[in-house]
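Below: one structure, written as structure tokens.
Atoms within each ligand, like the ligands themselves, are counted from 1 in listed order.
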Amino acid sequence: MKAPAFDYVKPASMAEALAYLKQYGAGAQVLAGGQSLMAVLNLGMASPDVLVDITALPGLNEIKVQADSVTIGALVTHAALQASPQVAQHVPLLWQAVPHVAHMAIRNAGTIGGSLALADPAAEYPAVALALNATLTLQGPGGQRQVSAQDFFLGFYSTARAEDELLVAVTFPKVKGGQVMVFDELTRRRGDYALCGLAAAFEVKGSVISTARLAYLSMGDRPMLASSAAAELMGKVPSAATIAAAQAALAQDLSPNGDLHGSAKGKLQWARVLLERSVSHVGKSV
Ligand SMILES: Cc1cc2nc3c(=O)[nH]c(=O)nc-3n(C[C@H](O)[C@H](O)[C@H](O)COP(=O)(O)OP(=O)(O)OC[C@H]3O[C@@H](n4cnc5c(N)ncnc54)[C@H](O)[C@@H]3O)c2cc1C
């Protein structure tokens with residue numbers, strides 16, 4: 001199918017971009033890498049009045065390393081994340097997730113901002129952002145505001161971003177000594193969207209898991225935090241009994257819908273398999 005007719009603007013400054021968003025309201029659609037949006041347009045699933053191409057805006061494609069955190073501009077591509085030694089060193093959970101995003105051609109154009117703003121529940125970065133409780137920076141007519149990942153993802157393709165705001169950056173805490181990060185997912189074929197995925201951040205003291213934050217993708221209408229399962233892990237040595245207790249608790253955290261990919265029961269089992277894998281990984285690293 002062909003995309004419906006739309007106007008196209010490519011602002012050179014943030015002020016200009018925000019003015020277009022204000023002027024067109026719900027009729028404006030931000031264009032970043034186009035890797036999701038162009039498909040949506042070509043399938044006739046959206047018909048915006050105007051595309052506001054933000055790729056010429058200055059300052060949005062930088063990776064800045066601070067004392068305790070790393071701030072990544074919205075226009076940083078998946079490929080740039082993958083090639084970044086800073087991301088590999090300081091945000092290893094994100095770095096582990098990148099190769100699971102689609103294929104290289106898509107990773108060359110798609111951006112972290114596009115992925116987070118789209119809020120596809122099957123996407124990797126929203127779950128990573130939730131596991132690390134990243135902070136998203138939004139810029140609107142009144143200036144910038146920060147929203148935690150926990151408050152950003154509201155539902156199926158729905159976020160706390162207002163239509164006159166741009167997502168400009170995301171800030172992740174730097175990994176600390178004693179933390180173990182594990183990203184894993186199940187797919188039918190490499191590069192496909194995940195049937196189920198888990199972004200897990202553990203803190204280990206001696207041989208005991210002191211904190212655990214488990215964020216699942218493809219298990220609900222948004223990235224899902226599995227707090228009950230995490231509670232079963234905290235203060236425990238990563239053993240078969242610990243894993244079994246956490247796996248049982250997952251039923252309190254997740255209630256996936258059955259669909260053509262799998263039954264509700266089967267999906268919960270996938271989540272349990274990924275939990276077992278990630279805690280076993282912690283066991284091997286202590
Ligand atoms: C075949 C295929 C397979 C894919 N597989 C995966 C996968 O396995 N995992 C995965 O996570 N993704 C996957 N994707 C999507 C890909 O990762 C996209 O790059 C990403 O979701 C969107 O990034 P983008 O820069 O291309 O955004 P665009 O397509 O340009 O925009 C996506 C949406 O976000 C909005 N938007 C973009 N940037 C901003 C911003 N800065 N502020 C506010 N709103 C903004 C747009 O208006 C639009 O609604 C796949 C895509 C394809 C075509």
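Polar contact check, A123 against ligand 1: no nitrogen or oxygen pair lies under 3.5 Å apart. Not a single N or O atom of A117, backbone or side chain, sits closer than 3.5 Å to an N or O atom of ligand 1. At least one N or O atom of L167 sits closer than 3.5 Å to an N or O atom of ligand 1. At least one N or O atom of Y193 sits closer than 3.5 Å to an N or O atom of ligand 1. Checked by distance only, ligand 1 and M38 stay at 3.5 Å or farther apart across all their nitrogen or oxygen atoms. Distances between N or O atoms of L31 and those of ligand 1 include no value under 3.5 Å.
For atom 5 (N) of ligand 1, the candidate residues are S36, G197, A102, G113; the nearest heavy-atom contact is made by A102. When the options R161, E124, Q29, R190 are ranked by their closest heavy atom to atom 11 (O) of ligand 1, first place goes to E124. When the heavy-atom distances from atom 19 (O) of ligand 1 to A74, A17, A169, G110 are ranked, the shortest goes to G110. By heavy-atom distance, the residue among G34, A119, G114 lying nearest atom 30 (O) of ligand 1 is G34.
Here the closest heavy-atom approach between residue A122 and residue Y193 is recorded as O-CD2, 3.7 Å. Across all non-hydrogen atoms, the minimal contact from T111 to A32 is OG1-CB, 3.7 Å. When all heavy atoms are compared, the tightest approach of R107 to T77 is O-CB, 3.7 Å. Of all non-hydrogen atoms in A56 and P11, the two that sit nearest each other are CB-O, 3.8 Å.
Applying the under-4.5 Å side-chain rule to Ile, Leu, Val, Met, Phe, Trp and Tyr, the cluster around Y24 extends to V9, M14, L18, Y20, L21, V30, V50, V52, I54, L57, L60, L75, L166, V168.
In the displayed structure, W95 atom CH2 is contacted under 6.0 Å by at most 12 heavy atoms of other residues, nucleotides or ligands.
By the criterion of a heavy-atom distance under 4.0 Å, neither the backbone nor the side chain of H103 is placed next to ligand 1. Contacts with ligand 1 closer than 4.0 Å are made by side-chain heavy atoms of I106 only, the backbone lying farther away.
The nearest protein atom to atom 46 (C) of ligand 1, hydrogens excluded, is given as V30 O, 2.9 Å; this is a heavy-atom distance. In this structure, the protein non-hydrogen atom closest to atom 25 (O) of ligand 1 is T111 OG1, 2.6 Å. The protein non-hydrogen atom at the shortest distance from atom 29 (O) of ligand 1 is L37 N, 2.7 Å. For atom 17 (O) of ligand 1, the closest non-hydrogen atom on the protein side is H78 NE2, 3.1 Å. Protein heavy atom in closest approach to atom 33 (C) of ligand 1: L118 CD1, 3.8 Å. For atom 24 (P) of ligand 1, the nearest non-hydrogen atom of the protein is G33 N, 3.5 Å. Protein heavy atom in closest approach to atom 26 (O) of ligand 1: Q35 N, 2.7 Å.
Hydrophobic clustering keeps V279 apart from L225 (ILVMFWY residues linked when any side-chain heavy atoms are closer than 4.5 Å, directly or through intermediates).
Within the 4.0 Å heavy-atom cutoff, A39 does not count among the residues contacting ligand 1. Look at D192 and you'll find a heavy atom under 4.0 Å from some atom of ligand 1.
For ligand 1, the atoms lying closer than 4.0 Å to a non-hydrogen atom of L166 are 42 (N). Which parts of ligand 1 touch H100 is read off a 4.0 Å heavy-atom cut-off, strictly below it: atoms 8 (O).
Put simply, the side chain of V70 reaches to within 4.5 Å of the side chain of I72, judged on heavy atoms. Residues L132 and L93 form a side-chain contact, since some pair of their non-hydrogen atoms from C-beta on lies under 4.5 Å apart. Here the side chains of D221 and F153 are not in contact, with every heavy-atom distance at 4.5 Å or above.
When only modelled atom types and interatomic distance are considered, Q146 and T135 share no side-chain donor-acceptor pair under 3.5 Å.
Formation of a donor-acceptor pair under 3.5 Å by the R222 side chain with backbone atoms of L154 is found in this model.
Taking the six-membered ring wherever Trp is involved, the centroid distance between the rings of H90 and F172 does not fall below 6.0 Å.
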